[in-house]
Engineer: 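Let me give you the structure first, and then I'll get to my questions.
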2 protein chains.
Amino acid sequence: MATIKDVAKLAQVSVATVSRVLNSNGYVNPTTKERVNKAISDLNYRPNDVARSLFKGRSKMIALFVPDIMNPYFPELARAVEDVTNQHDYTFVLCNTDDDIEKEITYLNALQQKSVDGIIIVSSTINKEHIQHINVPIIALDRILSSDLSSVTVTNREGAKEATEYLKEIGCERIAHICGPENASNTVQRLRGYLDVVKDEDWFLSSYVVSGGYNFDKAVEVTINLLKDHPEVDGIFAANDVMGVGVMKAAQSLGLRVPEDLSIIGFDGIALGKTTSPSLTTMAQPIYDIGARAAEILIEHINDKELLRKREEFTVKLIERESTKVRR
Amino acid sequence: MATIKDVAKLAQVSVATVSRVLNSNGYVNPTTKERVNKAISDLNYRPNDVARSLFKGRSKMIALFVPDIMNPYFPELARAVEDVTNQHDYTFVLCNTDDDIEKEITYLNALQQKSVDGIIIVSSTINKEHIQHINVPIIALDRILSSDLSSVTVTNREGAKEATEYLKEIGCERIAHICGPENASNTVQRLRGYLDVVKDEDWFLSSYVVSGGYNFDKAVEVTINLLKDHPEVDGIFAANDVMGVGVMKAAQSLGLRVPEDLSIIGFDGIALGKTTSPSLTTMAQPIYDIGARAAEILIEHINDKELLRKREEFTVKLIERESTKVRR
DNA sequence: CTGAAAGCGCTAACAC
DNA sequence: GTGTTAGCGCTTTCAG
C-alpha cells in the first residue's frame with residue numbers, strides 16, 4: 001500500500017500539500033493539485049483510515065447491539081441501520097448479545113477501545129449504571145434502557161390496546177395474551193395495553209396471560225397448555241409475530257381452525273406473517289423507519305455532543321390479514 | 001481516556017515497561033509489574049486499539065458481505081461468523097451488498113482503508129478481476145467466486161439431485177423446478193442436479209423450470225403461472241426454502257392441497273420452513289456450520305499468509321416434513 | 001530488567 | 001501557496 005509520503009515524493013511536494021488536496025483543505029495551486037492527483041491515481045493511493053482515526057480520535061464506525069440477529073425482527077432493523085450508517089460513510093459493526101449482560105459489557109469495552117463513534121442498543125439487560133462510564137454516544141432502540149438516553153421506540157401500549165380491542169370488536173369473547181420476557185420494557189407496555197382493555201371484563205382471568213419469551217417454540221408450548229386449560233379462549237393477542245405464528249401452529253396442532261375457532265393477532269409486522277396460511281393479522285411497526293431514525297439521531301449526537309436527549313415514538317398500524325375474522 | 005503515558009507516570013516507569021506488561025512481552029520485574037497493574041486498574045486504563053492497529057497494520061476486524069441480511073438465509077450465517085469472529089477477538093463488520101457490484105467495490109475499498117484483516121463474501125457478481133488487487137485474505141461462502149479463493153459451500157448438485165429423486169420416489173410424476181438467479185453458482189448447480197434426474201424422463205419439458213430469483217413474491221407469482229399452464233405438475237423442487245414457502249402459498253391460493261395435490265421440497269433448512277402449515281420438507285444445509293467454518297478458515301489465512309487455498313464442501317440432508325407425502 | 005527513541009500514516013498548526 | 005514539524009497512542013529495536 002502506497003502512503004502519503006510516496007505520493008508526496010512522486011508529485012514532488014510535501015506531505016502537507018498532499019493532505020491538503022486529499023481533504024480539500026486550505027489553498028493549493030491548481031497545477032500542483034493536478035500533479036498530486038495524478039500521483040494519487042498513478043499509485044492507486046488510498047489514505048489509511050487507521051492513521052486518520054488515531055489522529056482524530058474518531059473511527060467512522062457505528063455499532064448495533066441486538067439480542068440475536070436470527071430473531072426475524074432484527075434483520076430489518078439491522079438493514080436500516082446499516083443503510084443509513086453507510087450513506088454517511090460509517091462502517092457498520094454488528095454485535096449479538098444474547099441479552100447477556102456479560103457479553104454486552106465486553107462489547108462495550110472492546111468497541112470503546114476501537115474508538116467507535118456511536119452505539120445503538122437493543123437490550124433488556126443494560127441499565128444506566130452499565131453505561132455511565134461510557135463516553136461514546138448511545139441510543140436505545142426498540143426498548144428503553146435509561147431515562148437519560150435518546151431512544152426510538154413505538155407506541156407499544158397503545159398498539160397492544162388497539163390489538164386487543166380489535167379482537168373484541170370482531171367478536172372474541174375470551175381473549176388471552178402471550179407476553180414477552182419480563183425484563184423487556186416493551187413486554188411490560190404491551191401487557192399493560194392488553195390489560196387496559198380486559199382487566200375489567202368479568203371473564204378475565206390472570207391465567208389468560210402466559211409468557212412465551214418472544215420465542216417461537218416456547219410460544220407453541222405455552223399456547224398448547226393454555227388452550228387445553230382454557231378451551232373457551234377464542235382470541236389470542238401475541239406480543240410479537242414470531243409468537244403469533246407459534247400460536248397458530250399450536251392451534252392447528254390441536255385441530256383448531258384459524259380464524260374460525262380462534263382469532264390470532266401478532267405484533268411487529270415482520271415478513272414472516274405474510275408467509276403463513278392463514279397469514280397473520282398484526283400490529284405492524286415501521287421497523288425499517290425506526291432503525292433508520294435511530295441511526296440518524298445517533299449521527300446527530302456524534303456531530304453535536306451537546307445535543308439534547310431525544311425520545312421518538314413511532315405509531316403502529318393494524319394490518320388485517322387472514323388469522324382474524326369477524327364472528328357472529 | 002487514560003493513555004499509556006499516564007500509566008507510566010503513575011507507576012513511575014517508562015511506557016516501554018507498561019507496554020511489556022500489557023502484552024506479557026519480555027522480562028519485567030514482578031514488583032514493577034504489580035505497580036504497573038495497579039496503575040492500570042487505578043486509571044481504568046484500556047489500550048487504544050487504533051494506535052495498536054496503526055503500528056501493526058492489522059485492525060482485528062473481519063467483514064462479511066451478504067446480499068441482504070433481510071433474506072432469512074443470511075442471519076444464521078451472519079450469526080455463525082460473528083460468533084467465531086468474536087471468540088477470536090475480532091470485531092464483526094456486516095455489509096449488505098444487494099448483489100450490486102458497485103456497492104461491493106465501494107465496500108472492498110473502504111474496508112481495505114480501514115485495514116480489515118479479512119473478508120468473507122457471499123456474492124453472485126464479484127469475480128477474480130475485482131479482487132485481484134485486494135491484498136486482504138478473502139473467503140467465498142455459499143457461492144464460488146474465483147478458482148483461486150478458499151471457499152466453503154455445500155453439495156448443491158448432489159442435494160438437488162437427492163431432492164428431485166425423493167419427489168420421484170414418493171410418487172410424483174411431473175416435477176417442476178423453481179430456480180434461483182441465473183448468475184449465482186449455486187443456482188446453476190441445483191438446476192443441474194434437478195436436470196440430472198429429470199432430463200431423460202419422457203414427460204420432461206423445459207418450461208418446467210422457471211426462475212423465482214430466490215425471492216418469495218417472485219416465486220409466488222411464477223408458481224401461479226406455472227401451475228396454471230401445467231396443472232399436471234404434482235411435485236415442485238424449489239431451489240431455496242423462501243421460494244418453497246412461496247410455492248406453498250401459491251398452491252394454496254389456487255385451492256390446491258399440499259401435500260395431497262402437490263408435494264413441495266425446498267432447499268436450505270431455514271427456520272421459516274418449520275413455521276408454515278404444512279411445514280416444509282427440505283434439503284437442509286448445516287448453515288451455522290458453514291458460516292463458522294468459513295470464519296475459521298479465514299482466520300487461518302490471516303495467521304498464515306502462505307496457507308494454501310482450501311475448498312470445503314458440506315453435505316446437505318433431507319428433512320421430511322409435511323409438505324411432501326407418499327402418493328398411491 | 002528497564003528506558004530512550006524511532007516510527008506506523010496522517011493532520012494541523014506554524015513558519016516562510 | 002507550500003514546507004516543516006509536532007504529535008495522535010502504541011510497540012519494538014537497541015542500549016545499558
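Reminder, nothing fancy here: chain letters follow the sequence lines and each chain counts from 1.
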Engineer: In whole angstrom, what separates A/Leu43's CG from C/dG9's P?
Structural biologist: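 It works out to 14 Å between those atoms.
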Engineer: Tell me whether the OP1 or OP2 atom of C/dC10 has a side-chain N or O from A/Lys5 closer than 4.0 Å.
Structural biologist: no
Engineer: Expressed in angstrom and rounded to an integer, what is the separation of A/Lys33 atom NZ from D/dG3 atom P?
Structural biologist: 16 Å
Engineer: Side chains of A/Arg311 and A/Ser150: donor-acceptor distance under 3.5 Å anywhere?
Structural biologist: no
Engineer: So what does A/Val50 hit on the nucleic acid, given a heavy-atom distance under 4.0 Å: a base, only sugar-phosphate, or nothing?
Structural biologist: nothing
Engineer: Counting only side-chain N and O atoms of A/Thr3, is one of them less than 4.0 Å from OP1 or OP2 of C/dG9?
Structural biologist: no
Engineer: Distance alone, cut at 3.5 Å: any donor-acceptor contact between the side chains of B/Ser151 and B/Glu312?
Structural biologist: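 There is no such pair between these side chains.
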Engineer: Both B/Asn29 and A/Arg46 contact DNA chain C. Which one's nearest nucleotide lies toward the 5' end?
Structural biologist: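 It is B/Asn29 whose nearest nucleotide is closer to the 5' end.
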Engineer: Look at the side chain of B/Val15 and decide which nucleotide, out of C/dT2, C/dA5, C/dC1, has an atom nearest to it.
Structural biologist: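 Selected nucleotide (nearest to the side chain): C/dA5.
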Engineer: May I ask you to evaluate whether A/Ser19 reaches the phosphate of C/dT11, defined as a side-chain N or O under 4.0 Å from OP1 or OP2?
Structural biologist: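 Yes.
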Engineer: When you get a sec, tell me which of D/dC10, C/dC10, C/dT11 is the closest nucleotide to the side chain of A/Asn48?
Structural biologist: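 From the listed options, C/dC10 comes nearest.
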Engineer: In this structure, how many angstroms lie between the C1' atom of D/dG7 and the CZ atom of A/Phe55, rounded?
Structural biologist: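 Distance check: A/Phe55 CZ to D/dG7 C1' gives 7 Å.
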Engineer: Tell me which nucleotide among D/dC10, D/dT12, D/dC8 gets nearest to the side chain of B/Ile4.
Structural biologist: D/dC10
Engineer: Rounded to whole angstroms, how far apart are CG on B/Asp49 and C1' on D/dG9?
Structural biologist: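 Distance, rounded to whole Å: 11 Å.
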Engineer: Are A/Lys38 and A/Asp42 ion-paired here, with the side-chain N under 4.0 Å from a carboxylate O?
Structural biologist: yes
Engineer: Among side-chain atoms of A/Ser146 and A/Asp148, is any donor-acceptor pair under 3.5 angstrom?
Structural biologist: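 Checked: A/Ser146/A/Asp148 side chains pair up, N/O donor to acceptor below 3.5 Å.
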Engineer: Counting side-chain heavy atoms from C-beta on, which of C/dG3, C/dT11, C/dC1 comes nearest to B/Tyr27?
Structural biologist: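 The closest nucleotide is C/dC1.
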Engineer: In terms of side-chain heavy atoms of B/Pro47, which of D/dC10, C/dT2, C/dC8 is nearest?
Structural biologist: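 The answer is D/dC10.
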Engineer: Let me know the distance between NZ of A/Lys60 and C1' of C/dC10, rounded to the nearest Å.
Structural biologist: 16 Å
Engineer: Counting heavy atoms from C-beta on, name the nucleotide in D/dT11, C/dT11, D/dG3 closest to the side chain of A/Asn23.
Structural biologist: C/dT11
Engineer: Does C/dT2 have its OP1 or OP2 closer than 4.0 Å to a side-chain nitrogen or oxygen of B/Thr17?
Structural biologist: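 No, because none of the side-chain N or O atoms of B/Thr17 sits under 4.0 Å from OP1 or OP2 of C/dT2.
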Engineer: Under 4.0 Å, heavy atoms only, any strand: does B/Val18 hit a base, just the sugar-phosphate, or nothing?
Structural biologist: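 B/Val18: no heavy atom of the nucleic acid under 4.0 Å.
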Engineer: Looking just at side-chain N and O atoms, do B/Glu182 and B/Thr187 make a donor-acceptor pair shorter than 3.5 Å?
Structural biologist: no
Engineer: Taking the side chain of B/Arg20 as its heavy atoms from C-beta onward, which of C/dG9, D/dT13, D/dT2 lies nearest to it?
Structural biologist: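 Of the options given, the side chain of B/Arg20 lies nearest D/dT13.
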Engineer: For A/Lys128 and A/Ser147, does a side-chain donor sit closer than 3.5 Å to a side-chain acceptor?
Structural biologist: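 Result is yes, a qualifying pair exists.
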Engineer: Tell me: CG of B/Asn25 to P of C/dC1, nearest whole Å?
Structural biologist: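 Value for this atom pair: 15 Å.
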Engineer: Can you tell which of C/dA12, C/dG9, D/dT2 lies closest to the side chain of B/Leu54?
Structural biologist: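 Selected nucleotide (nearest to the side chain): C/dG9.
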Engineer: Distance check: side-chain N/O of A/Thr32 vs OP1/OP2 of D/dT2, anything under 4.0 Å?
Structural biologist: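 For D/dT2, OP1 or OP2 has a side-chain N or O of A/Thr32 closer than 4.0 Å.
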Engineer: Let me know the distance between CD1 of B/Ile40 and C1' of D/dC10, rounded to the nearest Å.
Structural biologist: 13 Å
Engineer: From C-beta outward on A/Ala51, which listed nucleotide comes closest to its side chain: C/dC1, C/dA4, C/dG9?
Structural biologist: C/dG9
Engineer: For the side chain of B/Val28, starting at C-beta, report the closest nucleotide among C/dT2, D/dG3, D/dG7.
Structural biologist: C/dT2
Engineer: Between D/dT11 atom C1' and A/Gln113 atom CD, what is the distance in whole Å?
Structural biologist: 16 Å
